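Values in this document were obtained by computation on a predicted structure and should not be read as measured data.
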Amino acid sequence: MPRTLSVIKADIGGYVGHSAMHPEVLALGREQVERAVRDGLLIDGQAHACGDDLFLIMSHDQGQDSERVHHFAWDLFIAGTEVAKKLHLYGAGQDLLVDAFSGNIRGAGPGSAEVEYEERPSEPVIVFMGDKTSAGAFNLPFYKMFADPFNTAGLVIAESLHGGFAFEVHDVKEHKKIVLNCPEEIYDLLVFIGSPARYAVKRVVNRSTGEIAAVSSTDKLSLIAGRYVGKDDPAAVVRCQGTFPAVGEVLEPFTTAWIVEGFMRGSHYGPWMPTPVAQAHPSRFDGPPRIAALGFQLADGKLVGPRDMFDDPSFDNARAEANRVADHLRKHGPFEPHRLPLDEMEYTTMPAVAAKMKARWSEM
Ligand code: F6R
Ligand code: MG
Ligand code: MG
């Protein structure tokens, strides 16, 4: 019987400012997930924090888009918001964009990444948790994992990966999707996914077996709300080993601190720093953006783990690189390419300043 691993996440209040999550909110998340396991809704579940976001990792047999599982996550975020309000945490309930749950968490603010799978005799998975960046940030790492032989040796030398992977790409503005097959369509794929603000990789599938290899959350808060409410801070789930890239091939892309959008006021480019969960508290210029990776072995749907995968000195260089890149970009202050282009900024005073200065412009 297929099982589902659902990661549903939201920022329901920050401590202090947008830097981290208060332990009481996390404790409530853990308690409620444990209760859902006891009540039989979930086979297993855990709650974790990356920066100011709460990530619910839920294993169940209710299928993707399960109303019961989504409703549970929504109610938990509402209860967590009450704790955040009591403690006057910053931006309590900020990602909860609708007044009431109506069947599915998608379109309501929280992000979701769900994988349906037939559990293999051994099922290693990695759950990635991002903070201070946008949906689409996984485009480049997914490309490296599933299409770049300089990253993933198995694409060249392992029979089980050699048939390539298919990428399901979402146009987040037009609400359309397309599937592109790698390796033969990589040039076409890159035309789209090289622009992550518009095109986000939702799913990757092993073409030889049809199995889902990876899923990311592509929910765009600003497009749902029609205004800036906070960054998407995406999640991803990646299956590893055998017919998928090995754990080390899945983590290898993060030995580079890729530049992503987000950082201060969601309006700057900054380096995506891989850190252990204990260091995923973006405090400098509300950043640099963070990525944490929790590894699990699934055993009859139980989550054996986590192992904190970036708690490894082999990512020290990437962290040092992130700090160097952040120093360099920060020197640009309000100038592009540190600041995002005008139409991508989440905060702007442009309409007001343009209106105030309108009469002062003259023909040259
Ligand atoms: C980034 C983020 C923060 C805030 C910033 C200002 O995703 O959430 O950088 O944008 O701290 O927050 P406000 O406007 O609430 O004072
Ligand atoms: Mg926040
Ligand atoms: Mg956040």
Side-chain angles (χ1 to χ4, degrees), residues 3-15 20-87 89 92-96 101 103-106 108-117 119 123 125-131 215 217 219 233-237 277-278 280 292-309:
R3 295 225 169 82
T4 305
L5 187 64
S6 300
V7 180
I8 301 185
K9 49 88 37 198
D11 176 350
I12 49 172
Y15 165 67
M21 167 160 303
H22 193 281
E24 258 192 62
V25 178
L26 187 55
L28 177 107
R30 291 191 165 150
E31 246 170 64
Q32 297 219 349
V33 167
E34 276 165 27
R35 186 168 332 131
V37 175
R38 279 201 305 277
D39 292 350
L41 173 65
L42 304 178
I43 301 170
D44 203 358
Q46 295 187 8
H48 292 277
C50 179
D52 55 0
D53 284 75
L54 179 60
F55 291 76
L56 308 176
I57 303 173
M58 299 175 287
S59 167
H60 56 91
D61 52 16
Q62 314 276 319
Q64 198 175 308
D65 285 325
S66 151
E67 178 162 352
R68 287 182 68 203
V69 172
H70 284 215
H71 204 159
F72 162 72
W74 178 262
D75 287 347
L76 191 161
F77 292 142
I78 295 283
T81 298
E82 289 310 310
V83 176
K85 281 185 180 158
K86 180 193 80 183
L87 298 170
L89 299 182
Q94 76 163 39
D95 287 1
L96 308 182
F101 179 78
N104 196 298
I105 207 120
R106 276 185 290 120
S112 62
E114 300 186 282
V115 193
E116 268 188 24
Y117 64 98
E119 192 181 291
E123 185 67 61
V125 298
I126 296 178
V127 174
F128 288 98
M129 310 187 291
D131 190 38
V215 177
S217 60
D219 315 85
D233 303 338
V237 181
V277 171
L294 297 177
F296 298 93
Q297 291 288 154
L298 298 177
D300 302 317
K302 291 275 178 202
L303 294 161
V304 179
R307 271 213 59 232
D308 194 341
M309 305 308 284

| task | For I57 and F296, run side-chain contact (heavy atoms from CB on, under 4.5 Å): C-alpha distance rounded to whole Å, both residues' side-chain angles, the deciding distance at 0.1 Å, then the answer. | result | CA-CA 11 Å; I57 303 173; F296 298 93; 4.0 Å; yes

| query | Could you walk me through whether L303 and L298 pass the side-chain contact (heavy atoms from CB on, under 4.5 Å) check? | reply | CA-CA 5 Å; L303 294 161; L298 298 177; 3.5 Å; yes

| Could you walk me through whether R106 and D65 pass the side-chain contact (heavy atoms from CB on, under 4.5 Å) check? | CA-CA 9 Å; R106 276 185 290 120; D65 285 325; 2.8 Å; yes

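The closest side-chain heavy-atom distance from P110 to D219 is not below 4.5 Å. Under the 4.5 Å side-chain criterion, counting only non-hydrogen atoms from C-beta, Q62 is not in contact with S6. Residues V277 and M129 form a side-chain contact, since some pair of their non-hydrogen atoms from C-beta on lies under 4.5 Å apart. Contact annotation: the side chain of P23 approaches that of Y15 to within less than 4.5 Å [non-hydrogen atoms, C-beta and beyond].
Interatomic distance, I8 CD1 to L56 CG, rounded to the nearest 0.5 Å: 7.0 Å. The structure places CD1 of I12 at 5.0 Å from CG of L54, a figure rounded to the nearest 0.5 Å. For the atom pair T4 OG1 and H60 NE2, the distance stands at 5.0 Å (nearest 0.5 Å).
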Give every donor-acceptor pair under 3.5 Å between a side-chain atom in residues 24-37 and any protein atom, sequence neighbours left out.
residue: E24; atom: OE1; partner: K86; partner atom: NZ; Å: 2.8
residue: R30; atom: NE; partner: A47; partner atom: O; Å: 2.9
residue: R30; atom: NH2; partner: A47; partner atom: O; Å: 3.0

Identify all side-chain donor-acceptor contacts of residues 74-83 below 3.5 Å with residues at least two apart in sequence or on another chain.
residue: T81; atom: OG1; partner: F77; partner atom: O; Å: 2.7

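Put simply, the side chain of K9 gets close to the backbone of D233: a donor and an acceptor are under 3.5 Å apart. Remark: the backbone N or O of G305 is paired with a side-chain donor or acceptor of Q46 at under 3.5 angstrom. Of the possible polar contacts, none joining the D95 side chain to the G109 backbone as a donor-acceptor pair under 3.5 Å is found. Within the 3.5 Å criterion, the main-chain N or O of S59 finds no donor-acceptor partner in the side chain of D44.
Applying the side-chain hydrogen bond (donor to acceptor under 3.5 Å, both in side chains) test to residues at least two apart or on different chains, the pairs with a partner in residues 294-307 are S122-Q297.
Between E114 and H70, the side chains place a donor N or O and an acceptor N or O closer than 3.5 Å (distance only, hydrogens not considered).
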